[in-house]
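Structure first, commentary second.
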Amino acid sequence: RTTVVKRESGAWGISVEAPVQDLFKNSQPDLMGELPSTQVIAYTPKQIEMLAKAYDNDTAHRFKSNNDSLISGLHPEFATYVKAFIFKAKLDKNLYININGPRGGFRSPIQQQQLLDEWYAGERLAKKPASVGGSYHQTGMAIDFNPYFENGGNLHSTNNSKQEWINSGIVAIAKSLSLRWGGDFASPGNPGYDPVHVDFGRIVSKQTFRRMLALSRSRNIEPTQIT
């Protein structure tokens, strides 16, 4: 049985018959960026819901149609955080988030394997994709994106430094919403470095993530349906 639980920090997370203190068990904390208390204000779940509603009402977003189509395939809890992230980026920094389609949101096992095959074939310059069963994308709890400036320029995983990503303000916004940023996975040039990625790894542990995949297989449903 899957339940929604409230962490002491105020963020909501998914737990499969697991107590709150187990949410981060086996979550590889060395790969997780910390929330700098002096630089980032963490938003409460209620505030995040309000930001998500503001996103829904913002019909003028540059990439609204594309983003909506991909958000609709995400896990519903994570989708709320993604909406808040997109809205805050525009509100605070005039940055327009574009989720990379068609595999930048939820991915089936087949799609995850396709990405890996493309990487081995030399068709992808970005980091090596996770193996099937190893990516938060497979539960609809991750997105890959590019932030666009007002002038049309954008931040890219290979064309921009980690410091440029941080200086843009997008990283602080993600972390204030309890999202895990892929730029903290490793350093530029290392296989794990993935600045175009944010996921629910700060809220949903790897252990819970794997149990969600197992439960979805046993019930023959998509992981995004486990609520």
Side-chain angles (χ1 to χ4, degrees), residues 1-29 31-32 42-53 55-56 67-86 99-116 129-145 174 177-182 185 194 197-227:
R1 184 171 59 87
T2 303
T3 58
V4 177
V5 299
K6 187 176 182 182
R7 292 172 48 207
E8 291 181 349
S9 63
W12 291 88
I14 294 172
S15 174
V16 184
E17 293 184 331
V20 174
Q21 61 266 29
D22 286 346
L23 280 175
F24 281 98
K25 190 175 181 181
N26 300 325
S27 289
Q28 297 179 317
L31 300 182
M32 298 169 63
Y43 287 87
T44 67
K46 184 175 181 179
Q47 290 172 321
I48 290 171
E49 289 177 5
M50 291 175 63
L51 290 167
K53 289 179 180 178
Y55 166 85
D56 287 334
N67 289 341
D68 280 352
S69 66
L70 291 166
I71 289 171
S72 67
L74 298 174
H75 190 282
E77 186 180 358
F78 181 65
T80 299
Y81 283 68
V82 171
K83 289 179 180 181
F85 177 51
I86 295 172
I99 303 174
N100 301 331
R103 298 174 297 191
F106 171 76
R107 292 179 198 152
S108 67
I110 291 175
Q111 289 175 317
Q112 190 66 34
Q113 186 61 51
Q114 286 173 342
L115 285 177
L116 195 60
S131 300
V132 175
S135 171
Y136 276 81
H137 284 281
Q138 287 189 244
T139 54
M141 294 182 175
I143 61 166
D144 292 336
F145 69 98
L177 299 169
S178 298
L179 296 175
R180 184 173 66 160
W181 179 51
F185 290 176
D194 195 13
H197 175 100
V198 292
D199 66 32
F200 235 9
R202 297 185 63 86
I203 293 176
V204 177
S205 72
K206 274 288 187 180
Q207 180 190 49
T208 299
F209 159 78
R210 294 188 185 102
R211 293 172 72 180
M212 289 179 69
L213 289 179
L215 187 60
S216 70
R217 289 192 295 268
S218 69
R219 293 184 178 179
N220 195 30
I221 61 174
E222 295 289 4
T224 53
Q225 294 178 266
I226 299 175
T227 59

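All residue numbers in this chain count up from 1 along the given sequence.
Annotation: salt bridge (Lys or Arg N to Asp or Glu O under 4.0 Å) contacts involving residues 101-114, sequence neighbours excluded, comprise Arg103-Glu118, Arg107-Asp144.
You'll find the side chain of Val82 reaches within 4.5 Å of the side chain of Leu74, heavy atoms only. Put simply, the side chain of Gln225 does not reach to within 4.5 Å of the side chain of Ser216, judged on heavy atoms.
Tyr55 meets the ring-ring contact (aromatic ring centres under 6.0 Å, His included) test with no other residue; sequence neighbours excluded. Gln113 pairs by the side-chain hydrogen bond (donor to acceptor under 3.5 Å, both in side chains) definition with Asp117, not counting sequence neighbours. For His197, the ring-ring contact (aromatic ring centres under 6.0 Å, His included) partners are His137, Phe185, not counting sequence neighbours. Under the side-chain hydrogen bond (donor to acceptor under 3.5 Å, both in side chains) criterion, Gln47 pairs with Thr44, not counting sequence neighbours. Under the ring-ring contact (aromatic ring centres under 6.0 Å, His included) criterion, Phe106 pairs with no residue, sequence neighbours left out.
Here the OG1-CG distance, from Thr208 to Leu213, works out to 11.0 Å after rounding to the nearest 0.5 Å. Of the inter-residue distances, the one linking Ile221 atom CD1 with Ile226 atom CD1 reads 5.0 Å to the nearest 0.5 angstrom. The structure places CD of Gln111 at 9.5 Å from CD of Gln138, a figure rounded to the nearest 0.5 Å. Of the inter-residue distances, the one linking Ser178 atom OG with Ile48 atom CD1 reads 5.5 Å to the nearest 0.5 angstrom. Note: Arg211 CZ to Ser205 OG = 8.5 Å, rounded to the nearest 0.5 Å. The distance from atom CG of Leu177 to atom CD1 of Ile86, rounded to the nearest 0.5 Å, is 11.0 Å.
Checked by atom type and distance alone, the side chain of Lys83 never pairs as donor or acceptor with a backbone atom of Asp68 at under 3.5 Å. Judged by distance alone, with hydrogens and angles left aside, the side-chain atoms of Tyr136 form a donor-acceptor pair with the main-chain N or O of Val204 at under 3.5 Å.
Nearest heavy-atom pair, Gly133 versus Phe209, reported as atom, atom and distance to 0.1 Å: O-CE2, 3.3 Å. Heavy-atom minimum distance, Asp199 versus Ala142: CB-CB, 3.6 Å. Considering every non-hydrogen atom in both Pro129 and Leu115, the closest pair reads CG-O, 3.6 Å.
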Go through the steps for Thr227 and His75 under the test side chain to side chain contact (heavy atoms under 4.5 Å, CB included), then give the verdict. CA-CA 8 Å; Thr227 59; His75 190 282; 3.9 Å; yes
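Applying the side-chain contact (heavy atoms from CB on, under 4.5 Å) test between Phe78 and each of Thr224, Leu179, Ile203 identifies Leu179 as the sole match.
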